[in-house]
Every structure is written in C-alpha cells, then in structure tokens.
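Basis for what follows: all heavy atoms, side chains included, without hydrogens, waters or symmetry-related copies. So you know, we letter chains A, B, ... as the sequences are listed, proteins then strands, and number each from 1.
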Amino acid sequence: MEEFIKVRHEKLKRLRKEKIEPYPHRYKITYKTREILGKYKKLKIGEEVRGSQVSLAGRIMSKRGHGKSGFAHIMDGSGKIQVYTKFDVVGEKKYGLYKKLDIGDFIGVEGRIFKTKTGEITVLVEDFTLLAKSLRPLPEKWHGLKDVEIRFRQRYIDLIMNPEVKETFLRRSRITSLIRKFLDKKDFLEIETPMMQPIPGGAAATPFVTHHKALHRDLYLRIAPELYLKRLIVGGMERVYEINRNFRNEGISTRHNPEFTMLELYQAYADYEDLMELTTELIAEIAKEVLGTLKIEYQGKKIDLKTPWKRLTLKSAIKKYTKLDIDKTKNIKKEAKKLGLKIEEDLADTQVIDHIFKEFVEPRLIQPMFITDYPRELSPLAKAKKNNPNLAERFELFIGTLELANAYSELNDPILQRERLKEQLALRWAGSEDAHMMDEDFLRALEYGMPPCAGLGIGIDRLVMLLTDSPSIRDVILFPHMKPEKQQ
RNA sequence: GCCCCCAUAGCUCAGUUGGAAGAGCACCUGACUCUUAAUCAGGGUGUCCCAGGUUCGAGCCCUGGUGGGGGUACCA
C-alpha cells in the first residue's frame with residue numbers, strides 16, 4: 001500500500017514542479033455523459049460529428065494506452081463515457097501529461113463526438129484539465145469491491161465501484177421524494193419535532209441517553225416522534241407528517257439499525273381503517289412509480305401489490321398458520337411449547353402470542369397483509385375497539401415478510417390515557433425497562449382536547465429494502481452502524 | 001448477551017499432510033495512433049488480523065483477543 005501511495009505522491013510533486021495545479025477550483029461543463037450518449041445514439045460507425053464541441057468531467061475508471069494514443073473511460077454522476085486522446089490532437093506536452101494520469105483521477109475534457117469502429121460513442125479529446133489527483137488505488141475493475149466491511153466503512157469506494165449500489169440510493173431518494181409529493185397532495189404538512197427529548201415516548205424501546213451541559217440534565221434521543229406529533233393535532237394542525245430518524249438502543253440485525261428512518265403521520269377525524277386505505281394507496285403508487293409495475297419480486301419471492309390488500313386479525317392469522325385457537329386455549333404457554341417454542345415462565349400471555357406470531361405467521365406473510373386487532377395491553381396509546389375493550393384498533397402491514405407499517409386509531413380520552421400510562425409505569429417498576437414513561441405535558445395536551453385521529457408509522461428503510469430487493473437494512477443505509485475502526 | 005462462519009498483496013481469490021508465500025487485475029519499466037477484462041516483454045510490491053502456545057519447523061494445529069457476516073435473544 002505504501003508503495004502505491006508513494007508513487008502517487010511523487011507524481012503529485014512532479015505536477016507541482018511543472019506548475020500544473022492538481023486541485024483547481026472549477027471546470028465548466030456543458031454535458032453529462034448520459035446526455036451525450038442519448039443525443040448521439042444514432043451515429044454511424046466511424047462517423048464524427050462536426051461542431052459537436054462538448055465539455056464534461058469525471059473520474060478516470062480505466063485506461064488503455066497504444067503508444068501515441070489512448071482510450072479511457074471517465075465516470076460522472078450520470079454514467080460512463082469513453083474518451084480518446086491522441087498525440088496528434090493534444091500535442092506532445094499534453095499527451096505526456098495524459099500518460100501520467102492515474103485511474104481514479106478527476107479530469108475535465110473538451111472535445112468532439114464520434115463513434116469508434118467498434119461502435120462506441122466516444123469523445124475525441126482536444127484538451128483536458130486535471131481536476132483532482134487521486135492518491136490511493138481503486139479496487140480492481142473486473143471483480144470490483146466485495147469486502148462487506150470496506151463497502152460499509154468506506155461507502156464512497158462502494159459507490160464508485162458498484163453502480164447497482166448507487167442505483168439503490170438514487171431509488172431511495174426517489175422514494176422519499178415521492179412520499180412527500182403524495183402526502184403534500186393530500187394536504188399533509190411536513191413538520192419537524194425534537195430529536196432530543198427530556199422524556200422518550202411513543203414506543204416501547206430502550207433509548208440512547210445524552211447529556212446537556214448547560215441545562216445540567218440528561219436528554220434522550222427519540223425512540224419515536226409520536227407524542228409530539230399528537231401535540232400538534234391538539235394544536236390544530238390536522239394533517240402532519242415527519243420523515244426522520246428514530247434511535248433505539250437495541251440489537252442490530254438485517255432488519256434493525258440503531259438509527260432508522262421513519263415516516264410518521266397523523267390525520268385528524270380519521271381512524272385506522274382510513275389509514276389502511278392511505279397506506280395501500282401510498283405504497284402501491286410509489287411501487288408503480290419507481291418500478292413501473294405492481295408485480296414485484298423480493299428475495300426470489302413474487303409479490304403482487306394489486307389492491308385491495310388482504311386483512312387478517314392477529315387471532316385468525318395465528319389460527320390459519322398454527323391451527324391454534326387462542327380463544328379456546330386455556331394455557332397458551334403450554335400450547336406454545338407444544339409448537340416447539342422456548343417460552344420463559346415469566347412471559348405474559350400477550351408476549352407468548354407475539355412469539356407465536358413472529359415464529360409461525362410473519363415468515364409466511366409474503367403477499368401484502370394487514371394484521372389487525374392487537375391486544376390492548378401491547379398498545380397503550382391506541383384506542384380500543386368499540387365492541388371489544390381488550391383489543392386495540394390497530395394494524396400492522398407485512399409485505400415480503402417485512403414489517404413495514406404500524407398504525408392505530410389514537411387514544412384521545414385523557415383519563416383513559418393516564419390510566420394506561422400508569423399501567424406502563426407499573427411495568428417499569430416491575431423491571432420492564434422499555435415500558436412507556438409518564439409524560440405529564442402530553443397528558444395535559446390531551447386534556448385540552450385532541451380530535452379523533454389516527455396515526456401511522458412506515459419504516460422507510462424497510463420499504464426501500466422491499467423496492468430495491470435488498471436482503472439487509474445495511475444495503476439501504478449509506479453509513480450503517482459499525483464499531484470504530486482501529487486507528488492506523 | 002449467546003451460537004456458527006470468515007480474516008492471505010491495493011482489489012478478487014488460491015495455498016495440498018505442518019516443510020522456501022502464489023495467480024489474475026491494479027501498480028512500476030519498455031513497445032504499440034480505433035482499444036474496451038486491449039495486447040506484448042520484464043518486475044512481487046506481504047505485520048498471512050493481533051497476542052500467546054505446541055513443534056526441529058506454523059498461513060495451516062491449540063488458547064485468548066480484535067474486526068466483519070449470519071443466526072438467536074432483546075426489540076416494531
């Protein structure tokens with residue numbers, strides 16, 4: 001490695017000696033590579049376009065020398081194009097400089113367009129300028145970069161070498177942009193609420209703690225924006241959404257990153273049924289826009305996003321996939337053990353049900369499926385069903401076995417909400433560290449009156465996984481969490 | 001947290017039974033004015049992840065650690 005870098009540094013020194021600035025300030029570009037390739041697609045072999053002067057810039061990705069001429073490919077943000085540099089055209093001095101250029105260097109190129117006899121649209125270089133000298137070697141051109149650790153730690157190399165990785169992140173950007181357009185069209189207002197919260201609320205999860213020096217107090221990175229968004233509903237903002245990071249101090253897996261992006265939205269005067277419709281419409285529209293079809297494939301599984309999507313209650317889903325009828329079961333733990341699950345004795349029945357669901361139902365939910373009617377105890381911020389106070393008006397959406405969304409009709413009775421948070425407090429005292437905390441200001445807000453409303457959360461990372469056919473959440477997060485690298 | 005797997009040149013990888021560290025690309029020197037994994041001739045550039053141990057001898061075997069991946073637990 002040192003050998004490679006030493007050689008490049010020597011080249012850099014030589015450039016400076018020859019008064020060639022290796023890091024100039026700007027370069028005027030008239031075309032992107034993709035524009036050129038599109039515009040001159042119909043050129044005939046060998047044909048040269050008169051008056052086709054272009055200037056473009058990019059990184060040198062390959063070089064093929066032939067003595068007094070040479071081909072190279074340069075890559076810009078839109079793609080790659082071949083450039084052809086000839087001794088006759090650029091002159092002796094420039095050609096000498098060209099030969100010293102390295103793969104990885106940025107150059108600006110002026111020239112005219114022609115098609116080679118092998119049929120590739122190429123820029124005949126009339127002049128070029130070094131725009132940035134590269135001092136480190138890039139990975140090999142053919143096999144590229146595969147080492148997952150380098151791909152994640154040095155994502156910039158991954159983006160240079162692997163076009164499909166770049167494509168994934170372009171699509172991610174497109175998806176969030178489309179979500180915003182969709183919601184803006186429906187009169188939702190994009191807002192921002194605190195990332196640092198004195199009381200972390202809105203979810204059952206362990207928070208990260210930080211400290212504010214001037215205030216002499218601990219603050220928590222938010223685990224959800226829910227309680228702040230509801231305050232805005234109280235304040236009269238009837239449709240609000242936020243797309244931003246949540247932080248949860250939990251394990252890392254192919255579906256979990258400690259910080260992840262969540263769309264959370266609240267709609268006044270609506271219930272969870274309305275949000276099922278909204279969710280369906282949103283995801284179907286985005287899939288159609290991004291992939292051009294509702295028939296998609298995720299990890300080898302064919303998925304049809306044609307609406308409407310199916311619904312099952314939690315109980316009937318468990319019955320369907322395990323033949324277990326929860327209502328007729330006296331000892332749920334015993335039944336779970338019979339199914340082969342390891343169940344600890346101190347688990348609550350609702351948690352056992354959750355385990356059964358995760359183990360036997362979730363892996364089967366490949367086609368879009370809304371699971372509804374969750375136990376009320378698991379949803380302390382949700383409104384109960386009219387005909388059954390033990391169930392919450394809540395749904396989760398699964399596609400391709402990914403849990404993508406969670407929504408409920410929001411509890412807006414301040415008295416009931418206080419009771420439920422007290423229950424959570426009791427759970428905390430009993431040792432459940434991630435039970436919800438009491439938030440007096442939130443309750444005070446509800447006491448002023450919150451209109452009926454429903455709230456929805458969509459895991460953006462997982463949605464992007466689905467729509468980019470990515471097996472791991474790390475594939476859709478530019479800089480996934482890693483332990484610090486050893487200092488060299 | 002626990003279990004399994006992986007770590008060799010800049011990159012992608014091989015390395016037999018424990019017996020002199022290898023290939024392709026990249027890189028360096030030279031030839032070549034339509035190549036595209038350009039070609040031709042020559043050159044190996046290495047803390048075999050780290051620290052111990054076994055052995056006459058360790059990239060290979062053993063112990064511990066570090067980093068990464070997968071699973072599982074916790075967890076929407």
Side-chain angles (χ1 to χ4, degrees), chain A residues 1-8 10-11 45-46 48 61-73 80-90 95 99 102-104 114-120 122 124 134-154 157 161 202-207 223-224 226 246 248-258 260 262 264 342 344 347 351 354-355 357-359 362 371 374 378-379 394 396-398 402-407 432-434 457-459 461-462 471-472 474 480 482-486 488:
Chain A
M1 187 60 163
E2 275 133 42
E3 190 62 32
F4 287 87
I5 294 176
K6 210 175 113 192
V7 169
R8 298 272 179 118
E10 271 159 19
K11 285 185 179 178
I45 283 175
E48 191 172 319
M61 295 303 290
S62 60
K63 274 183 91 185
R64 295 172 293 283
H66 297 271
K68 291 200 161 56
S69 76
F71 290 92
H73 272 97
K80 270 189 213 177
I81 195 165
Q82 182 169 256
V83 299
Y84 184 39
T85 310
K86 287 170 90 169
F87 180 93
D88 291 352
V89 180
V90 297
Y95 194 74
K99 287 192 96 166
D102 286 302
I103 289 171
F114 76 106
K115 198 171 222 173
T116 62
K117 65 183 183 192
T118 49
E120 181 162 353
T122 301
L124 178 66
S134 166
L135 299 179
R136 288 176 183 267
L138 285 173
E140 191 222 333
K141 60 186 168 190
W142 194 242
H143 297 92
L145 178 67
K146 290 183 179 168
D147 186 304
V148 181
E149 190 172 345
I150 301 177
R151 284 189 47 222
F152 292 164
R153 280 197 201 282
Q154 296 177 271
I157 306 181
M161 299 309 296
T206 312
I223 53 176
E226 173 155 354
N246 288 348
R248 297 187 185 174
N249 206 338
E250 287 154 4
I252 297 172
S253 79
T254 51
R255 292 170 185 201
H256 299 85
N257 197 59
F260 61 100
M262 184 88 132
E264 207 159 297
K342 277 180 236 158
E344 285 166 36
L347 279 188
Q351 287 172 304
D354 203 42
H355 274 252
F357 181 81
K358 279 229 153 73
E359 187 68 27
E362 212 175 285
I371 300 293
Y374 282 77
L378 291 178
S379 323
R394 172 177 176 186
E396 291 195 350
L397 170 66
F398 293 84
L402 292 169
E403 179 199 323
L404 286 182
N406 178 26
S432 173
E433 278 179 37
D434 50 20
I458 294 181
D461 310 283
R462 290 179 183 173
S472 167
R474 290 177 173 110
M482 292 256 150
K483 288 190 189 175
E485 198 176 0
K486 260 185 262 170
Q488 292 162 352

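Look at CG on Asn257(A): it is 14 Å from C1' on C75(B), rounded to the nearest Å. Atom CG of Asp354(A) is separated from atom C1' of A73(B) by 14 Å (rounded to the nearest Å). Per the geometry, NZ belonging to Lys63(A) stands 18 Å off P belonging to C25(B), to the nearest Å. Rounded to whole angstrom, the span from the CZ atom of Phe71(A) across to the P atom of A37(B) amounts to 13 Å.
Judged as a ring-ring contact (aromatic ring centres under 6.0 Å, His included), and not counting sequence neighbours, the contacts of Phe398(A) are Phe357(A). Listed by chain and number, the residues in a salt bridge (Lys or Arg N to Asp or Glu O under 4.0 Å) with Lys86(A) amount to none (sequence neighbours excluded).
Base engagement by Gly65(A) is indicated by at least one non-hydrogen atom pair under 4.0 Å involving a base atom. Using a 4.0 Å heavy-atom distance criterion, Arg64(A) is classed as a base contact. Within 4.0 Å of Lys117(A), counting heavy atoms only, lies at least one base atom of the nucleic acid. At the heavy-atom level, Lys358(A) lies under 4.0 Å from base atoms of the strands shown. In this structure, Ile5(A) reaches neither bases nor backbone, as no heavy-atom distance under 4.0 Å exists between it and the strands shown.
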What does the list of N/O pairs under 3.5 Å between the protein and nucleotides 21-24 of chain B look like, with a distance for each?
{"from": "G24(B)", "atom 1": "N2", "to": "Glu140(A)", "atom 2": "OE1", "distance (Å)": "3.0"}

Which pairs, protein N/O on one side and nucleotides 68-72 of chain B N/O on the other, fall under 3.5 Å?
{"from": "G68(B)", "atom 1": "OP1", "to": "Arg153(A)", "atom 2": "NH2", "distance (Å)": "3.4"}
{"from": "G68(B)", "atom 1": "OP1", "to": "Lys483(A)", "atom 2": "N", "distance (Å)": "2.9"}
{"from": "G68(B)", "atom 1": "O4'", "to": "Glu149(A)", "atom 2": "OE1", "distance (Å)": "3.2"}
{"from": "G69(B)", "atom 1": "OP1", "to": "Arg474(A)", "atom 2": "NE", "distance (Å)": "3.3"}
{"from": "G70(B)", "atom 1": "OP2", "to": "Arg474(A)", "atom 2": "NH1", "distance (Å)": "2.8"}

Heteroatom pairs (N/O) under 3.5 angstrom, protein to nucleotides 42-45 of chain B:
none

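Looking at the side chain of Gln82(A), the nearest of the listed nucleotides U33(B), U35(B), C11(B) is U35(B).
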**Report entry** Secondary structure of RNA chain B in dot-bracket form (Watson-Crick or G-U wobble, distances below 3.5 Å, | marking inter-strand pairs)
**Finding:** (((((((..((((.....[..))))((((((.......))))).)...(((((..]....))))))))))))....
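When only modelled atom types and interatomic distance are considered, Arg474(A) and Asn257(A) share no side-chain donor-acceptor pair under 3.5 Å.
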